[in-house]
Amino acid sequence: MNRTQLKRSRILKMALTRSDSADQEGTFESFLMKAIKITAVVTLYWFISITMVFLNKYLLDSPALKLDAPLFVTFYQCFVTVILCWCISVFARLCPGYVEFPSVRFDPKISRGVLPLSIVFIGMITFNNLCLKYVGVAFYNVGRSLTTVFNVLMSYLILKQTTSFHALLCCGVIIGGFWLGVDQEGAEGSLSWSGILFGVLASLCVSLNAIVTKKVIPVVDGSIWRLTYYNNINACILFIPLIAILGEFQTVFYFDKLDSLHFWGMMTLGGVFGFAIGYVTGLQIKFTSPLTHNVSGTAKACVQTVIAVTYYDSMKSVLWWTSNLMVLGGSSAYTWVKGMEMRKSQEEPQIKTVTAKNDSGV
C-alpha cells in the first residue's frame, strides 16, 4: 500500500469515527431531551393533581370559609371549564398555529347525545367532592380506591368481558386494603360513614364514566375537548335544579364572604385546575403510555398521602399505613398484570402469522 492509499484510508477512518461519534451524541441529546420532557410532564401532572385535591378540600371543608354548599362549588368549577373551553376555542380560531383546539359552538343535538355521559359525570364529580368534604386528604385515596374493582365488575356486567385470576387477586388486595383502612379510621375516631359511602359511589361513577365515554365519544367526532365542553354545559344546566332543591342557593346568598375577591379567586382557581387536570392527563399519556400514566397516578397518590399526613400533623398507626400500601400495591400490581396481558394479546397474532408463513414455506 503506497503513501496516497494510506492517507486515504486514514481520512476515511477519521470520517467514520467522527460520524459514529456524532450519531452517538445526537442519540444522547435526543434521549436527554425526551427524558427532560417526560419528567416535566409527570411533574406538572403531579403538581396540578395534588394541588387540586388540597384546594378542593379548602373550598369544601375549610373552617375559615364555612361554606356548606358542595354542589355550588362543583357547579362553579364546571362553569369555569365551559368559559375556558370557549375562550381557548376563540383564541385558536383567531390565532391559528399557536393553539390547536376544536370549534365549540353549541349544538343542542350534540348536547342531547352527550347527556347520558353528563349524568354519570355529575355523579362522579359530585361524589368525589362530597367524599373529600367528609374524609381527610390522607384517607381520600383509600376512600375512593374501589374504582379498579368496579372497572372489573362493570366490564363483566356491561361489556361481558372476563378478567384473569391474577387481576382478580389484585382486586382482592385492594378490597382488603380498603376495609383495613375503614377499620383503622374507625379506631382513630375519624371515620365518616358518609364519606365512605360517597367514596364508593364516586368509584362506581368513575368506572361508569370510562365505559359510557367510549359509547358517547363518536357523537363529538372523537374530540375529548368538545366532549369536555358539552359535558360541562350539561352539568351546569343539571346542577341548577339540584342546588335549588337542596337549598344551597339560600346558603350562598347568606354567605358572609360573597363579596370577597380571595374567595372568588380560590373558586376560579379550583375551576382552572379542574380544567387543567384533563389536559395534563392527556399530555402524560401522550408522552409516556396509558400503563405509565396509571403507575404515575399510583405513585402520586402515595406522595399525596405522605404530604397530607405531614401537612395536617397527623399520627397514623402501622396498620393504617399498611392499608394504604395494600391499596397502592394492589393497584400497581393490577396495572402491571393488565399491561402484561395486553402485550401478550398483541404478540399472539404476530406469532401466529410467523408460524403460518413458516408452515407454508414462505
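Of the options V200, L201, V327, a side chain to side chain contact (heavy atoms under 4.5 Å, CB included) to L146 is made by V200 and by none of the others. Partner of C171 under the side chain to side chain contact (heavy atoms under 4.5 Å, CB included) criterion, chosen from L153, T163, V149, N151: V149.
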If you look only at distance, which donor and acceptor atoms sit under 3.5 Å apart when one is on a side chain in residues 130-140 and the other is two or more places apart or in another chain?
from, atom 1, to, atom 2, distance (Å)
K133, NZ, L60, O, 3.1
K133, NZ, D68, OD1, 3.4
Y140, OH, N128, OD1, 3.3

In a table with atom names and distances, give each donor-acceptor pair under 3.5 Å that connects a side chain of residues 211-220 to protein atoms at least two apart or in another chain.
from, atom 1, to, atom 2, distance (Å)
T213, OG1, N209, O, 2.5

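Checked by atom type and distance alone, the side chain of S203 pairs as donor or acceptor with a backbone atom of R144 at under 3.5 Å. The main-chain N or O of G247 is found under 3.5 Å from a side-chain atom of T251 such that the two form a donor-acceptor pair. Of the possible polar contacts, none joining the D183 side chain to the W179 backbone as a donor-acceptor pair under 3.5 Å is found. Proximity of a side-chain donor or acceptor of D313 to a complementary backbone N or O of V309 within less than 3.5 Å is not detected. Remark: side-chain polar atoms of S118 are paired, donor with acceptor, to backbone N or O of V114 under 3.5 angstrom. In this structure, the side chain of K257 engages the main chain of A64 through a donor-acceptor pair within 3.5 Å. At distances below 3.5 Å, at least one donor-acceptor pair connects side-chain atoms of E248 with backbone N or O atoms of F72. Looking only at distances, a side-chain donor or acceptor of T268 sits under 3.5 Å from a matching main-chain atom of W264. Under the 3.5 Å distance criterion, the side-chain polar atoms of D107 are matched with a main-chain donor or acceptor of K109. Counting only distance, with no hydrogens or angles, the side chain of T310 and the backbone of V306 share a donor-acceptor pair below 3.5 Å.
Under 3.5 Å, the side chains of Q77 and N56 contain a donor-acceptor pair of N or O atoms. Q184 and S323 share no side-chain donor-acceptor pair at under 3.5 Å.
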> Checking ring pair (Phe, Tyr, Trp, His ring centres under 6.0 Å) for the pair W225/F275: CA distance, chi angles, key distance, verdict?
Replying inline: CA-CA 10 Å; W225 287 121; F275 173 83; 5.2 Å; yes

>> Between L242 and F75, is the side chain to side chain contact (heavy atoms under 4.5 Å, CB included) condition met? List the steps.
In response: CA-CA 10 Å; L242 292 174; F75 159 80; over 6 Å; no

>> Apply side chain to side chain contact (heavy atoms under 4.5 Å, CB included) to residues V280 and F47 and explain how you reach the verdict.
In response: CA-CA 10 Å; V280 295; F47 170 75; over 6 Å; no

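The environment of L261 atom CG is sparse: at most 12 non-hydrogen atoms of other residues, nucleotides or ligands sit within 6.0 angstrom. Within a 6.0 Å radius of CZ in F263, other residues, nucleotides and ligands contribute more than 12 heavy atoms. Atom CZ of F255 has more than 12 heavy atoms from other residues, nucleotides or ligands within 6.0 Å. Environment of OH in Y312: crowded, with over 12 heavy atoms of neighbouring residues, nucleotides or ligands closer than 6.0 Å.
For F106 and W86, the distance between ring centers is not under 6.0 angstrom.
The stretch residues 145-176 participates, sequence neighbours left out, in no ring pair (Phe, Tyr, Trp, His ring centres under 6.0 Å) pair at all.
Using a 30° and 60° split on the angle between ring planes, H262 and Y58 fall in the perpendicular class, above 60°.
A salt bridge does not link E341 to K344: none of the charged nitrogens lies less than 4.0 Å from a carboxylate oxygen.
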